[in-house]
Amino acid sequence: MRGLQILIDGFAISSLYGVGAIGFTLIFGVSGVLNLSHGAIMVVAAVIAWSAAGDYGAGPYGGALAGIAASVVCSFITYMLVVRPIQSSRSIPREEKEIFVLTGTLLWGIMLQEAVAYLFTNNPKTVRPLMTGVVDILGVRTPSNEIVTAVLAWVAIGLLWLLINRTRAGKALLAASINPRGLTLLGFELSNIYLLVWMIYGVLAGIAGVLLGAFLGVSSDNAGTLTASAFSIVVLGGLGSVSGSLAAAYAVGYLETVTAYMISPSIRTVPVLLLLVVVVYVRPQGLLGRR
């Protein structure tokens with residue numbers, strides 16, 4: 001019975017991790033940016049969803065849409081006011097722009113975190129679930145919201161796969177991650193490609209944030225932890241590899257779940273960190289990474 005519970009819980013949390021990590025690695029793969037404000041943007045999405053649903057009567061679905069919209073807005077602000085000015089600056093040496101972007105997104109994430117704490121306090125908040133009740137799965141009573149979390153996460157992943165592999169815009173994104181200069185020679189504007197990928201990222205981060213808020217609850221204090229978790233998954237799977245990030249998300253999710261059930265929830269992240277150290281030492285490019 002416990003084994004089935006671990007299987008169900010692990011699948012839900014891994015799917016949630018997968019959505020967040022795929023957005024994180026998509027940004028890096030296409031635009032070369034490691035966005036250290038990732039966790040803060042997820043927290044903004046969850047808190048706005050919580051506030052819209054409770055304080056403004058938008059209901060769980062309206063609140064979820066408001067949270068995703070807030071994430072997209074934060075994503076565009078991150079790109080337009082933080083990342084793009086640094087990348088286009090002539091006063092910053094080319095070889096130093098990456099560290100400036102890392103620092104800029106980190107500081108922007110701290111600003112978002114503090115803004116959330118100031119406007120909504122740093123008390124934990126739970127987003128209203130999209131579905132209430134409990135379902136019985138082979139004798140294991142599981143919250144309906146947990147099933148909805150896994151299903152919606154995979155719907156988002158499936159739609160992203162269709163976008164990348166079945167649309168012209170998606171194929172342009174894929175080409176930009178491989179050879180951006182060649183893409184410009186074909187007549188594509190890289191600025192438009194970057195805007196598209198940051199919009200997709202905002203939607204994915206928003207979905208992950210809202211689902212996380214409904215599944216586990218969040219506070220402004222979680223921003224750094226969420227960024228570190230996504231970064232660990234992306235490094236474990238391989239920087240720039242979407243399939244690697246998804247595989248790593250499930251490895252991390254199940255390892256954390258097994259540790260929480262079999263040993264103690266307080267040390268659930270320790271085995272993940274040990275695995276990350278081993279993988280970085282044995283295979284620095286990650287499980288499915290190429291560089």
Return the [atom1] to [atom2] distance between [X] and [Y], rounded to the nearest 0.5 Å.
X: N145; Y: T132; atom1: CG; atom2: OG1; value: 9.0 Å
X: M111; Y: I77; atom1: CE; atom2: CD1; value: 10.0 Å
X: E146; Y: L16; atom1: CD; atom2: CG; value: 10.5 Å
X: L173; Y: L163; atom1: CG; atom2: CG; value: 6.5 Å
X: I99; Y: I92; atom1: CD1; atom2: CD1; value: 11.5 Å
X: I157; Y: L246; atom1: CD1; atom2: CG; value: 5.0 Å

Ring-ring centroid check F231 H38, cutoff 6.0 Å: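 No, the ring centres sit 6.0 Å or more apart.
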Centroid-centroid distance, Y17 to Y250, less than 6.0 Å: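 They do not qualify: ring centres at least 6.0 Å apart.
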Nearest heavy-atom pair of [X] and [Y]: which atoms, and what distance?
X: K125; Y: F120; result: NZ-O, 2.8 Å
X: A153; Y: S15; result: CB-O, 3.5 Å
X: I41; Y: C74; result: CG1-CB, 4.1 Å
X: V33; Y: I27; result: O-CG2, 3.3 Å
X: I86; Y: F100; result: CD1-O, 3.5 Å
X: A46; Y: G209; result: CB-O, 3.3 Å

From CA spacing to verdict: side chain to side chain contact (heavy atoms under 4.5 Å, CB included), V30, I193: CA-CA 9 Å; V30 175; I193 297 297; 4.2 Å; yes
Worked check of side chain to side chain contact (heavy atoms under 4.5 Å, CB included) between L216 and N222: CA-CA 11 Å; L216 299 174; N222 296 139; over 6 Å; no
Check: [X] side chain, [Y] main-chain N or O, donor-acceptor pair, under 3.5 Å:
X: T25; Y: A21; result: no
X: S229; Y: T225; result: no
X: S71; Y: G202; result: yes
X: Y61; Y: L130; result: yes
X: S144; Y: G133; result: yes
X: T105; Y: N35; result: no
X: T167; Y: G170; result: yes
X: S245; Y: G237; result: no
X: K97; Y: S89; result: yes

Side-chain heavy atoms of [X] within contact of [Y], under 4.5 Å:
X: I6; Y: M262; answer: yes
X: M80; Y: L195; answer: yes
X: S31; Y: Y79; answer: no
X: Y261; Y: D9; answer: yes
X: V242; Y: I164; answer: no
X: Q285; Y: S241; answer: no

Give the cluster check for [X] versus [Y]: same hydrophobic cluster or not, with ILVMFWY residues linked at side-chain heavy-atom distances below 4.5 Å.
X: L119; Y: L112; answer: yes
X: V135; Y: L152; answer: yes
X: I48; Y: Y56; answer: no
X: V235; Y: V278; answer: no
X: V151; Y: M131; answer: yes

Distance-only polar pair, side chains of W108 and T78, donor-acceptor under 3.5 Å: yes
Set of residues satisfying side-chain contact (heavy atoms from CB on, under 4.5 Å) with respect to V272, sequence neighbours excluded: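 By the side-chain contact (heavy atoms from CB on, under 4.5 Å) rule, V272 matches V252, L255, E256.
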Stepwise side chain to side chain contact (heavy atoms under 4.5 Å, CB included) test for L226 and L212: CA-CA 10 Å; L226 292 174; L212 179 68; 3.4 Å; yes
Qualifying residue, where the test is side chain to side chain contact (heavy atoms under 4.5 Å, CB included) with L36 and the options are L102, I110, L107: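 Single pass found, and it is L102.
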Partners passing side-chain hydrogen bond (donor to acceptor under 3.5 Å, both in side chains) against Y254 (at least two apart in sequence or in another chain): none
